[in-house]
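Heads up, the thing below is written out as structure tokens.
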Number of protein chains: 2
Amino acid sequence: MASTSADSGGNTADGATLNDVARVARVSRQTVSNVLNAPGRVRPDTAERVRQAIDELGYRPHRLARNLKTRASRMIGYEITRSRLGVLNPVLDRFVHALVEAAENDGYHVLLFTPDEDGLVTAYDELVGTRTVDGFVLSDIDYGDPRAVALAERGVPFVTFGRPEIAAPHSWVDVDGAAGTAAAVRHVAELGHERIAFIGAPAGSATGDRRAEGFLRAAGELGLTGDDVLDVRVDDDIAGSAEALEHLLSLDVPPTAIVCISDAHAVGVLRAAAARGLVVGRDLAVTGFDDSPLAPLLTPPLTSVRQPLEAVAHRIVANLTTALADPATEPAGELLAPELVTRASTRPD
Amino acid sequence: MASTSADSGGNTADGATLNDVARVARVSRQTVSNVLNAPGRVRPDTAERVRQAIDELGYRPHRLARNLKTRASRMIGYEITRSRLGVLNPVLDRFVHALVEAAENDGYHVLLFTPDEDGLVTAYDELVGTRTVDGFVLSDIDYGDPRAVALAERGVPFVTFGRPEIAAPHSWVDVDGAAGTAAAVRHVAELGHERIAFIGAPAGSATGDRRAEGFLRAAGELGLTGDDVLDVRVDDDIAGSAEALEHLLSLDVPPTAIVCISDAHAVGVLRAAAARGLVVGRDLAVTGFDDSPLAPLLTPPLTSVRQPLEAVAHRIVANLTTALADPATEPAGELLAPELVTRASTRPD
DNA sequence: CATGCTGATTTGAACGTACAAATTTGCACG
DNA sequence: CGTGCAAATTTGTACGTTCAAATCAGCATG
């Protein structure tokens, strides 16, 4: 005399509630709640009966009701920056995916939002004020990032991908950009290149400065000094880098390897090299940074520094969730090592 | 004797509730609620007093509480497909951004989630069962998409970007892929090309078949028949297209223009052309599809068919929100026209 | 067999809001 | 100046859950 699956309960298959389950299992709603949230407190046979009722009714806890009571939305906000036209955001896709996956593993969801036109943090205030999210993940951090400052003074939990200052007063996870560039320099040095140039961005951006620092450090290790340190900074990534290459090749002793601060810069170099009839990989070594999806698609495929975005996302979520669980947690910083992915742009074969 | 800003209320600046506002404004909570949700019902001077109290306390409605009462989460779920390694999802970035923006304009938020490993729709069931989202937006739709089928039979509101069948039984918004390819063909025809080849994917995918159909249609319009219709299908996008170009160039009368089904396919063609010493734009015209971020970065910059993703997102959200507001709404389909973006890959100069 | 105690289960209350119904206010009108 | 009616406002209740406190069952002990 097994009970038929759906006809008897009274509920229309969908939308069973804690009380419905309790009625079917002949217990109180709190017992059902305990089966789900504190299994230790309920006797095994009762738990079994309740679980059966849950299956029978297809019950699922109402997320909003639970969250209202526990005063937590279990949502993490992430602002997707308005990608400027024509400029590719090399990491958004991969990082967001990794972030969502990491969050789900910890029982959180990721909510996306767009920045305000006015450049203020009203979107953050709104989400926090309405209790729509418990905390934030920020990326594209620069020196004295206004969002980080604003959130910190409001006491809103957040973790940044990247750090605004060497000693950031909040939790962050970052990839060691200096190590990445240094690895690229060492890579081409090992291939026999002695004259190595760096094409970077103007000083003043946190990420850019650190990547440049890695070049200078590696150049120092190779014993380069003075004019032998070919450090070029350009404003426009693609066009600027193309021009820069022209300039570098016109030197008395032109470089044979170009280490670029981003894949976009490398694109400019590749283009200018092709225009000159140079075969990159044979006549000239080129490296990029970010290992964006286009890196393997370029001609030739581009050696690039790959950021461990999955690990970054994982550590960010871990840090944020512990901070959410215990607001007294001290802020912590974590630096992860990138990995050089070598491709034809630095290989002769 | 203006009231001081924060000291008197009793609440700690943060977390004022409807009742707190009511007390300060000397009205009932319902009146405060009405000021926000039904302004017509309350006398102007009372409304003003309430608004002042709201400002003073920095009150914001608690989203969870409101949603629990109204039985709507005002969230839209969007599954970010696990981007296969090395394969770039050309539209994810732009589309997601557009989707989030469109949703916000209608008072919704976008919640991201990852697919289940098992390929089932349990993630969808979970989100719907817990009332975490009100509906879904699906993309990467193919014939007989299992997610669309499952959601439809569960009665869950959703709109797809793309349509599985010509007459889909649910709401969808799609870009006219056939028109896009046809436009590319006409473009190169106008430039004087008479021998035009198409490199596509094997028959069997909804998007691919429609794009191929556009080529066949345009070829017909140009009076091409029989062996003059150069229709090549390849399995692997980049490597396959490179091979395909080799083959095409070995014909008695090789094509002078190649219309590709995707930007990735075009990459293969560009690569093979470069290897042959051909200058694309002068010796050979090449077009892609999707106008992915890399299109302008290729050498030469690639003419490509751009999908109006912002408009797609806008229409999808509009359709979904009306369906959510009135579940009796009939499903509707909407086809948008893409736009050809011409670049150096089809221009001699 | 009453007592005490631990473990299991239930009842009461609350989270912050919105709908529905009830009450009060304001005002024109006979 | 009471009556009636619409507009304005308030009170009661519920959404589905969890926490806190209260009750109940089981069982060994003296």
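In what follows, every chain begins at residue 1, and chains take the letters A, B, ... in the order their sequences are listed. Quantities reported herein were computed from a predicted structural model and do not represent experimental measurements.
- Checked by atom type, the side-chain pair E79(A)/T114(A) shows no donor-acceptor distance below 3.5 Å.
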- prompt: side chain to side chain donor-acceptor pair (under 3.5 Å) between N67(B) and S73(B): does it pass, once the steps are laid out?
  reply: CA-CA 5 Å; N67(B) 292 346; S73(B) 69; 5.9 Å; no
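- Paired regions of DNA chain C, where each region holds three or more successive Watson-Crick or G-U pairs whose two hydrogen-bonding distances fall under 3.5 Å, are C:1-30 with D:1-30.
- Both S28(B) and S33(A) lie close to DNA chain D; mapped to their nearest nucleotides by heavy-atom distance, the more 5′-ward contact belongs to S28(B).
- Nearest-nucleotide assignment on DNA chain D puts the 5′-proximal partner with V42(B), out of A65(B) and V42(B).
- Taking the six-membered ring where tryptophan is involved, the planes of F113(A) and Y124(A) are perpendicular, since the angle between them exceeds 60° and thus also 30°.
- Closest-nucleotide positions on DNA chain C for Y59(B) and A47(A) were compared, and the one nearer the 5' end corresponds to A47(A).
- Not counting sequence neighbours, the partners of R66(B) by the side-chain hydrogen bond (donor to acceptor under 3.5 Å, both in side chains) test are N37(B).
- Within the structure, every side-chain polar atom (N or O) of T46(A) is placed at least 4.0 Å from both OP1 and OP2 of dA8(C).
- Going from atom CZ of R63(A) over to atom P of dG16(D) covers 17 Å, rounded to whole Å.
- In the set dG16(C), dT18(D), dT17(C), dG16(C) carries the atom at the smallest distance from any side-chain atom of L68(B).
- Pairing each heavy atom of A53(A) with each of A25(A), the nearest pair is CB-CB, 3.8 Å.
- Nucleotide dT18(D) holds its P atom 12 Å from the CZ atom of R41(A), rounded to whole Å.
- Note: CG (L18(A)) to C1' (dC19(D)) measures 13 Å, nearest angstrom.
- Protein atom CZ of R66(A) is 19 Å distant from nucleotide atom P of dC15(D), rounded to whole Å.
- Atom CZ in R71(A) sits about 12 Å away from atom C1' in dC19(D), given to the nearest Å.
- By the side-chain hydrogen bond (donor to acceptor under 3.5 Å, both in side chains) test, S28(A) pairs with T31(A), sequence neighbours left out.
- Side-chain proximity of N34(A) to dT10(C), dC15(D), dC15(C): nearest is dT10(C).
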- request: Starting at the 5' end of nucleotides 19-25 of chain C, put B wherever the base has a protein heavy atom under 4.0 Å, S where only the sugar-phosphate does, and a dash everywhere else.
  value: BB-----
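- Looking at residues two or more places apart in sequence or on another chain, you find no side-chain hydrogen bond (donor to acceptor under 3.5 Å, both in side chains) involving T46(B).
- Separating the CG atom of L64(B) from the C1' atom of dT17(D) is a distance of 12 Å, rounded to the nearest angstrom.
- Annotation: side chain of T160(A) is not in contact with side chain of D145(A) (no heavy-atom distance under 4.5 Å).
- Applying the ring-ring contact (aromatic ring centres under 6.0 Å, His included) test to residues at least two apart or on different chains, the pairs with a partner in residues 28-78 of chain A are Y78(A)-F95(A).
- Note on T31(A): every side-chain N or O is 4.0 Å or more away from OP1 and OP2 of dT9(C).
- Remark: of the listed residues I76(B), L111(B), V128(B), V128(B) is the sole one forming a side-chain contact (heavy atoms from CB on, under 4.5 Å) with F136(B).
- L36(B) places its CG atom 7 Å from the P atom of dA18(C), with the value rounded to the nearest Å.
- Whole-Å rounding puts the N19(B) CG to dG12(D) P distance at 13 Å.
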